[in-house]
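Reading through the structure tokens given below for one structure.
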Protein chains: 2
Amino acid sequence: MDIVEVSKVLSNKIRVNILDWLKDMEANFPPQTNVPDFNNGVCVCHIQDKTGLSQSTVSHYLTMMHKVDLVTATRIGKWTYYKRNEETIGAYINLLKYNL
Amino acid sequence: MDIVEVSKVLSNKIRVNILDWLKDMEANFPPQTNVPDFNNGVCVCHIQDKTGLSQSTVSHYLTMMHKVDLVTATRIGKWTYYKRNEETIGAYINLLKYNL
DNA sequence: TTAACAAATCGAAATATATCGATATTTAAT
DNA sequence: ATTAAATATCGATATATTTCGATTTGTTAA
């Protein structure tokens with residue numbers, strides 16, 4: 001894990017917001033329709049709705065968040081569900097604690 | 001303090017390096033000549049030497065690090081000494097812990 | 001097997017960051 | 001006062017990021 005690469009992801013308000021919204025998916029997103037629960041996360045379209053950005057931009061954001069492993073991605077049918085990867089998030093904070 | 005603004009500062013390898021070098025100033029910089037010790041930090045010229053970047057770039061980097069308070073700046077005579085602001089650094093890590 | 005939908009990728013334009021050399025400012029020494 | 005040194009600021013160019021619409025890819029349903 002690299003402080004610079006993760007910081008790049010975190011240096012954008014919307015991406016930080018997405019991480020924040022994903023902390024409480026039930027509260028921040030409409031109920032799931034194609035899967036029974038939020039266990040795999042939230043689909044791109046719901047995240048897109050909340051950001052107000054274009055589909056391609058949000059997909060790009062989520063891809064870069066996934067590349068540094070801050071979120072996991074699960075494809076189910078036509079949908080891709082994203083959720084926080086608490087392990088990486090915690091590891092990053094720990095990295096800062098000892099290396100920043 | 002703002003996650004996005006601090007992350008912008010941290011999304012550059014040299015700036016992260018500077019913070020790291022300042023963790024052990026005695027080990028990473030030549031001995032002081034115009035002040036008795038490292039209590040106020042390291043002067044811009046020594047940091048510049050270590051980065052290999054231009055004076056203006058390093059000054060700019062240090063200014064932006066100072067703007068988000070990751071470092072303190074102390075002018076003594078012709079020199080400006082920079083050092084880590086552990087309070088802000090700790091506060092930032094704490095902020096991430098509870099808000100990321 | 002086609003049509004339709006969700007998501008990812010591509011290509012382009014706008015904006016921001018990185019980086020330099022030149023200039024300005026501040027302070028100290030002559 | 002003048003000069004010189006250290007740092008800060010300015011202006012410009014190169015590179016990177018943001019963001020979009022269009023296209024492509026993967027998947028399901030008709």
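Chain letters run A, B, ... following the sequence lines, proteins first and then strands; every chain starts at 1. Fair warning: this is a prediction, and the values are worked out from it, not measured in the lab.
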Whether each nucleotide of nucleotides 4-10 of chain D has a protein heavy atom under 4.0 Å at its base (B), only at its sugar-phosphate (S) or at neither (-) is summarised, 5' to 3', as -BSBBB-

Atom CD1 of A/Ile76 and atom C1' of D/dT27 are separated, to the nearest Å, by 13 Å

Does A/Gln48 use its side chain to pair, donor to acceptor, with the backbone of A/Ser56 at less than 3.5 Å?
-> no

Determine yes or no for a side-chain-to-main-chain donor-acceptor pair under 3.5 angstrom, with B/Ser59 supplying the side chain and B/Gln55 the backbone.
-> no

Interatomic distance, A/Lys8 NZ vs D/dT15 P [rounded to whole Å] = 15 Å

Could you pull out every donor-acceptor pair under 3.5 Å between side chains of residues 18-28 of chain B and any protein atom, sequence neighbours left out?
from, atom 1, to, atom 2, distance (Å)
B/Lys23, NZ, A/Tyr98, O, 3.4
B/Asp24, OD1, B/Ala27, N, 3.2
B/Asn28, ND2, B/Trp21, O, 3.0
B/Asn28, ND2, B/Asp24, O, 2.9

Got a donor-acceptor contact below 3.5 angstrom from the A/Asn99 side chain to the A/Leu95 backbone?
-> yes

Is A/Val4 reachable from B/Val4 through a run of hydrophobic residues whose side-chain heavy atoms are each under 4.5 Å from the next?
-> yes

In residues 17-36 of chain A, what residues come within less than 4.0 Å of DNA chain D, judged by heavy atoms?
-> none

N/O donor-acceptor pair under 3.5 Å between B/Arg75 side chain and B/Gly77 backbone | yes

Just to confirm, is there a sub-4.0 Å distance from OP1 or OP2 of D/dT17 to any side-chain nitrogen or oxygen of A/Asn12?
-> no

So how far is it from B/Glu5 CD to A/Leu10 CG, rounded to the nearest 0.5 Å?
-> 12.5 Å

Taken to the nearest whole Å, CG/B/Leu53 to P/C/dA18 is 11 Å

Sorted by position of nearest nucleotide on DNA chain D, 5' first, the leading residue of A/Gly77 and A/Ser11 is A/Ser11

Give the minimum heavy-atom separation between B/Pro31 and B/Phe38, together with the two atoms involved.
-> CA-CZ, 4.3 Å

